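Atoms within a ligand are numbered from 1 in the order they appear, just like the ligands themselves. Here the structure is a predicted model, which means the values were calculated and not measured.
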Amino acid sequence: TEGGADDYFGAVIAADGKIEPRDEMPEAYRKSLIRQIAQHAHSEIIGMQPEGNWISRAPSLKRKAILLAKVQDEAGHGLYLYAAAETLGVDRADLYEMLLDGRQKYSSIFNYPTLTWADVGAIGWLVDGAAIVNQVPLCRCSYGPYARAMIRVCKEESFHQRQGYEILHVLANGSPEQKAMAQDAIDRWWYPSLAMFGPPDTDSTHSAQSMAWKIKRFSNDELRQKFVDMTVQQAEVLGLSLPDPDLRLGEDGHWAYTQPDYDELFTVIKGDGPCNRQRIEHRRAAWEDGAWVREAATAYAKKREGATV
Ligand code: 3HC
């Protein structure tokens, strides 16, 4: 049977090996990887917008330089991921079109607005923190090019998370107004960050199959719990609180917490979040404005081809 232990693919998966681009693989595995990797790439690229919004308003030259580098890193992550998707036989321009016409998704989290400078801190700490929890296990994903791309991405994410934490630490130890601004950002980003991990396991359409194929190593709920356990302690060090009165340490060593609003998650995924339209319009404009660069690059490549023949 397709994907069974009796064929090459099944044997590699069973032995915890890596599937490489030229290996035989079930069509459904290839399709599911394209879906996930493209979605991931789109998230990195769309994710540049909420923070890019603050580059010109960063409170100091140092903060501006750091934020600029961080947003450039996100662009780099998007490019590695598009390259990883291309090893599965798709064209990046087609993936782009599917993002722009809504056939492919990107992470719900980037449809929320960045209202104050503290939001840049909260995104670094919570959103990039959640991204790391989700992505570290992807370094062991069964598809080689995706797993390898994740190693570098995770190293950079870890720097992003620390810079966000440091922004909040400075604000939390600043004036009462700065502390209140940091708290307000955490209050707004907490539940959307929990929702980033996806629907609960009972409603996750792809989890069982993706775990059997060793694309995913942990379920959405397992990763969400890991994130909560890690973050509660970090909030204590900051002296700021998480907006959940029901956080309680259980006897099993895990924190009980209030689930995010999954109806809101699905509303955002379907395109009706606070900033969905703005994000896609901005991306479409960037794609259209960049047409001359793509045309020039193609013309130049052709000219060079002609010159060497
Ligand atoms: N936002 C948008 N769509 C989501 C979502 C979210 N937070 N969570 C789930 N979905 C979608 C799924 O894509 C799927 O839709 P589809 O069938 O059209 O693809 C549907 O909801 C059902 O969810 P499943 O649990 O069945 O989907 P998955 O098994 O694919 O799990 C996932 C979802 C955990 C997001 C997984 O795809 C994954 O781990 N992806 C790779 C990581 C990633 O894309 N992260 C996005 C953030 S990147 C980032 O944060 C950048 C950083 O630099 C800030």
Side-chain angles (χ1 to χ4, degrees), residues 28 31-52 70-81 84-85 98-99 102-112 114 120 122-141 143 146-147 149-150 152-161 163-164 189 191-213 215-224 226-227 260-262 264-273 276 279:
K31 282 222 170 91
S32 199
L33 272 172
I34 293 171
R35 174 190 64 80
Q36 179 169 327
I37 299 173
Q39 232 173 65
H40 194 164
H42 299 328
S43 303
E44 300 282 356
I45 297 297
I46 296 275
M48 295 166 73
Q49 291 184 43
E51 289 178 286
K70 194 211 152 178
V71 172
Q72 282 177 347
D73 283 352
E74 310 293 355
H77 298 175
L79 299 184
Y80 311 146
L81 286 161
M98 287 195 262
L99 166 68
R103 275 177 292 158
Q104 283 183 342
K105 300 188 166 89
Y106 60 91
S107 182
S108 51
I109 194 73
F110 302 117
N111 293 303
Y112 291 86
T114 40
V120 175
I123 291 182
W125 178 41
L126 297 174
V127 175
D128 297 329
I132 294 169
V133 170
N134 167 270
Q135 291 172 19
V136 165
L138 291 174
C139 298
R140 293 193 295 120
C141 157
Y143 188 59
Y146 191 27
M150 279 300 113
R152 178 155 176 193
V153 167
C154 285
K155 284 188 183 156
E156 293 179 351
E157 288 299 349
S158 153
F159 151 68
H160 297 171
Q161 198 254 0
Q163 68 86 38
W189 287 92
Y191 285 104
S193 300
L194 291 183
M196 258 176 93
F197 291 93
D201 294 351
T202 44
D203 298 329
S204 166
T205 35
H206 303 291
S207 278
Q209 183 60 73
S210 289
M211 286 175 77
W213 279 330
I215 295 173
K216 280 168 95 157
R217 296 287 180 157
F218 297 97
S219 75
N220 299 356
D221 287 329
E222 284 170 332
L223 293 174
R224 199 170 0 248
K226 226 179 239 208
F227 174 69
D261 178 350
Y262 292 111
E264 177 180 320
L265 172 66
F266 283 113
T267 304
V268 175
I269 291 178
K270 286 191 189 113
D272 283 325
N276 293 59
R279 300 289 184 240

Side-chain heavy-atom pair S204, S219 within 4.5 angstrom cut-off: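 The answer is no; the side chains never approach within 4.5 Å.
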
Sub-4.5 Å side-chain heavy-atom contact between V268 and Y112: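 In contact.
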
Less than 3.5 Å between some nitrogen or oxygen of [X] and one of ligand 1, yes or no?
{"X": "S43", "answer": "no"}
{"X": "R35", "answer": "yes"}
{"X": "K216", "answer": "yes"}
{"X": "S108", "answer": "yes"}
{"X": "S210", "answer": "no"}
{"X": "L265", "answer": "no"}

Residue pair Y80, V153: steps toward the side-chain contact (heavy atoms from CB on, under 4.5 Å) verdict: CA-CA 9 Å; Y80 311 146; V153 167; 3.5 Å; yes

From CA spacing to verdict: side-chain hydrogen bond (donor to acceptor under 3.5 Å, both in side chains), H206, Q36: CA-CA 10 Å; H206 303 291; Q36 179 169 327; over 6 Å; no

Is ligand 1 under 4.0 Å from a heavy atom in the side chain of [X], in the backbone, in both, or in neither?
{"X": "N220", "answer": "side chain"}
{"X": "L223", "answer": "neither"}
{"X": "A195", "answer": "backbone"}
{"X": "F266", "answer": "neither"}
{"X": "Y146", "answer": "side chain"}
{"X": "D128", "answer": "side chain"}

Closest candidate by heavy atom, reference [atom], pool [options]:
{"atom": "atom 40 (N) of ligand 1", "options": "Q36, H40, Q104", "value": "Q36"}
{"atom": "atom 12 (C) of ligand 1", "options": "H77, R103, Q39", "value": "Q39"}
{"atom": "atom 52 (C) of ligand 1", "options": "R224, Q161, E157, R217", "value": "E157"}
{"atom": "atom 17 (O) of ligand 1", "options": "M150, H206, E44", "value": "H206"}

So which heavy atom in the protein is nearest [atom], and how far is it from that ligand atom?
{"atom": "atom 8 (N) of ligand 1", "result": "G198 CA, 3.2 Å"}
{"atom": "atom 10 (N) of ligand 1", "result": "I269 CD1, 3.7 Å"}
{"atom": "atom 20 (C) of ligand 1", "result": "T205 OG1, 4.3 Å"}
{"atom": "atom 9 (C) of ligand 1", "result": "P199 CD, 3.6 Å"}
{"atom": "atom 24 (P) of ligand 1", "result": "S204 OG, 3.4 Å"}
{"atom": "atom 47 (C) of ligand 1", "result": "S107 CB, 3.8 Å"}
{"atom": "atom 16 (P) of ligand 1", "result": "K105 NZ, 3.4 Å"}
{"atom": "atom 42 (C) of ligand 1", "result": "N134 OD1, 3.1 Å"}

With rounding to the nearest 0.5 Å, note down the distance linking [atom1] in [X] to [atom2] in [Y].
{"X": "I269", "Y": "E264", "atom1": "CD1", "atom2": "CD", "value": "11.0 Å"}
{"X": "E74", "Y": "Q49", "atom1": "CD", "atom2": "CD", "value": "12.5 Å"}
{"X": "I109", "Y": "M196", "atom1": "CD1", "atom2": "CE", "value": "5.5 Å"}

Heavy-atom closest pair, residues [X] and [Y]:
{"X": "I37", "Y": "A84", "answer": "CG2-CB, 4.3 Å"}
{"X": "W213", "Y": "S32", "answer": "CZ3-CB, 4.1 Å"}
{"X": "L265", "Y": "G198", "answer": "CD2-C, 3.9 Å"}

Test: D221 and R224 ion pair at under 4.0 Å: yes

salt_bridge(R152, E156) N-O dist < 4.0 Å: yes

Protein heavy atom under 4.0 Å of atom 38 (C) of ligand 1: yes

Verdict with reasoning, Y106 to N111, per side-chain contact (heavy atoms from CB on, under 4.5 Å): CA-CA 9 Å; Y106 60 91; N111 293 303; 2.6 Å; yes

F227 and F197 aromatic ring geometry - parallel, tilted or perpendicular at 30°/60° bounds: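 Because their plane-to-plane angle lies in the 30° to 60° range, the rings of F197 and F227 count as tilted.
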
Test applied, side-chain hydrogen bond (donor to acceptor under 3.5 Å, both in side chains); reference residue, D128; option that passes from Q161, K70, Q163: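 It is K70; the other options fail the test.
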
Under 4.0 Å to a heavy atom of Y106 - the qualifying atoms of ligand 1, by number: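 Those atoms are 1 (N), 2 (C).
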
